[in-house]
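First the proteins, then the strands, lettered A, B, ... as listed; each starts at 1. If you're wondering where the values come from, they're calculated on a predicted model, not measured in any experiment.
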Protein chains: 2
Amino acid sequence: MNKVKQREANNATAIDVTDLILHDIQTGVLAPGSWLKQIDLEQRYQCTRPEVRRALDRLAQRRLVEHVPNRGYHVFEPDGRQAAEVSEIRILLETGVADKIAANASRADVEALRELAARFDKLILEGTPIELYEANLAFHYRLLSLCGNSELVKLVTEIRQRTSSAPVSQWKTRARIEQSSREHHEMVNAIAAGETAALKDAISRHIRQD
Amino acid sequence: MNKVKQREANNATAIDVTDLILHDIQTGVLAPGSWLKQIDLEQRYQCTRPEVRRALDRLAQRRLVEHVPNRGYHVFEPDGRQAAEVSEIRILLETGVADKIAANASRADVEALRELAARFDKLILEGTPIELYEANLAFHYRLLSLCGNSELVKLVTEIRQRTSSAPVSQWKTRARIEQSSREHHEMVNAIAAGETAALKDAISRHIRQD
DNA sequence: ATATCCAAAATTGGCGCCAATTTATGCTAA
DNA sequence: TTAGCATAAATTGGCGCCAATTTTGGATAT
């Protein structure tokens, strides 16, 4: 009985338009500043009007899009000060748990991080910008998860989205990407060696230049 | 021309049902765990069904209420671990900017903080729990604003709401309230004296016991 | 030729209805 | 008397329509 219900429940969490729009903002498909017309989104994502509106409202709550009453929603573009402030927050949080990360990291964790850092490396040459972006996310997620504070992980994931509204375009220079990759390895090495001071320093520099 | 528009713009930002429900959750009128039926809210706040649903969706996004599909929304009650994790986050952020707070505080700022701390003191005896709660919020808002990072202020305001779902009921013991008040004064004194270490310590203890 | 004003088109946003699901109630059978 | 089931009530949630506002295009007057 209730085949449909069963199907729904077993099925991976039904993806919501919010995530689709979010992904397109993150990957730069929807450029910062551009207006998000409800009709366009409705067609693009093959969904209904109320769904679009709910998604836009959610993204506005997260300050990823800005809402102008009776005018519509447009992709938010953080000014320099806001970006700097958010970076500051990330540095406080991520360096603040650096010692916990180093303490909790098992040999297997270090190995997994090495692999993720290597994957990022590899994708610099072979992958698309989007793949690179996602590999970066995966690395940082794994790294931060070691701190043991899942609320903090969620929070940082959230505010990381807030800064890098157009992360793909930001990484235009090869030199900068390679620098990022070096810092990834630097972090892993610091963890493996238990050098929390070096880890904090690497994290700090990494966030500042991102 | 456009009298209405003018009126609307000049008028204080039209308050939204979300804030009303939020306030009632914060002050404990809507108890943790209780179900928020759409019909009840619709009547209680004299608003339409879609407004209620939008508000509930927003509060669910902020994790102040929990959504169970086809069952409804109920006030979120954080378990011990989550509460501890959120406290940990607040300590990282608020002690992290303690030096900035101390550095930026002018004589007038210190005076204003003294006044807010005194107001809290006074309300312990004379005020209602809600007034006390709001005086506490005002003190902390003023204090944190001195750090100069407005994004951080917004963020902490947001996550502070997340921990203390029923702050009024938490403060049942007089002893605890008075301890809080002492710590307020302790913080102000530390700022006035420029003793950042003492400030960090006071903030840390204050958050942990809250 | 250009600025201003008016009208039409497009877009946003509010509201109510109805289907789907869940919960409560009462009835029947063991 | 109690457990199970079926039916009814209540609640949630999706969808579409229409009003309100804004924008665009064009016509007129200076």
What's the [atom1]-[atom2] distance between [X] and [N], to the nearest Å?
X	N	atom1	atom2	value
B/Gln46	C/dC15	CD	P	13 Å
B/Arg54	C/dG16	CZ	P	15 Å
A/Glu42	C/dT11	CD	C1'	12 Å
A/Gln38	D/dT23	CD	C1'	16 Å
A/Leu36	C/dA10	CG	C1'	17 Å
A/Tyr73	C/dT12	OH	C1'	9 Å
A/Asp57	C/dG14	CG	C1'	14 Å
A/Ile39	D/dT23	CD1	C1'	14 Å

Side-chain N,O (B/His67) to OP1/OP2 (D/dG13) below 4.0 Å: yes

Side-chain N,O (B/Thr48) to OP1/OP2 (C/dG14) below 4.0 Å: no

Looking at D/dG14, does its base get a donor-acceptor pair with the side chain of B/Arg53 below 3.5 Å? yes

Please determine whether any donor N or O and acceptor N or O are separated by less than 3.5 Å between the side chain of A/Arg49 and the base of D/dG16. no

Before giving the answer on salt bridge (charged side-chain N to carboxylate O under 4.0 Å, His left out), spell out for B/Glu151 and A/Arg63 the whole-Å C-alpha distance, their side-chain angles and the decisive distance to 0.1 Å. CA-CA 11 Å; B/Glu151 288 293 322; A/Arg63 274 174 278 172; 3.3 Å; yes

Taking for each residue the nucleotide of DNA chain D with the nearest heavy atom, is it B/Gly72 or A/Glu51 whose nucleotide lies nearer the 5' end?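 Looking at the nearest nucleotide for each, B/Gly72 comes out on the 5' side.
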
Nearest-nucleotide 5' precedence on DNA chain D, B/Val68 against A/Asn70: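 First, find each residue's nearest nucleotide; the 5'-ward one identifies B/Val68.
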
With a non-hydrogen cut-off below 4.0 angstrom, is A/Arg71 in contact with a base, only sugar-phosphate, or nothing?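 The answer is sugar-phosphate, as A/Arg71 gets under 4.0 Å only of primed atoms, P, OP1 or OP2.
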
Would A/Arg182 and A/Met187 satisfy side chain to side chain contact (heavy atoms under 4.5 Å, CB included), going step by step from the backbone distance to the final call? CA-CA 9 Å; A/Arg182 272 194 295 278; A/Met187 290 181 215; over 6 Å; no

State whether the side chain of A/Asn104 and the backbone N or O of A/Leu146 hold a donor-acceptor pair below 3.5 Å, judged by distance alone. yes

Please answer whether the main-chain N or O of B/Thr128 pairs with a side-chain N or O of B/Glu131 as donor and acceptor at a distance below 3.5 Å. yes

Tell me whether the centres of the aromatic rings in B/His206 and B/His184 are closer together than 6.0 Å. yes

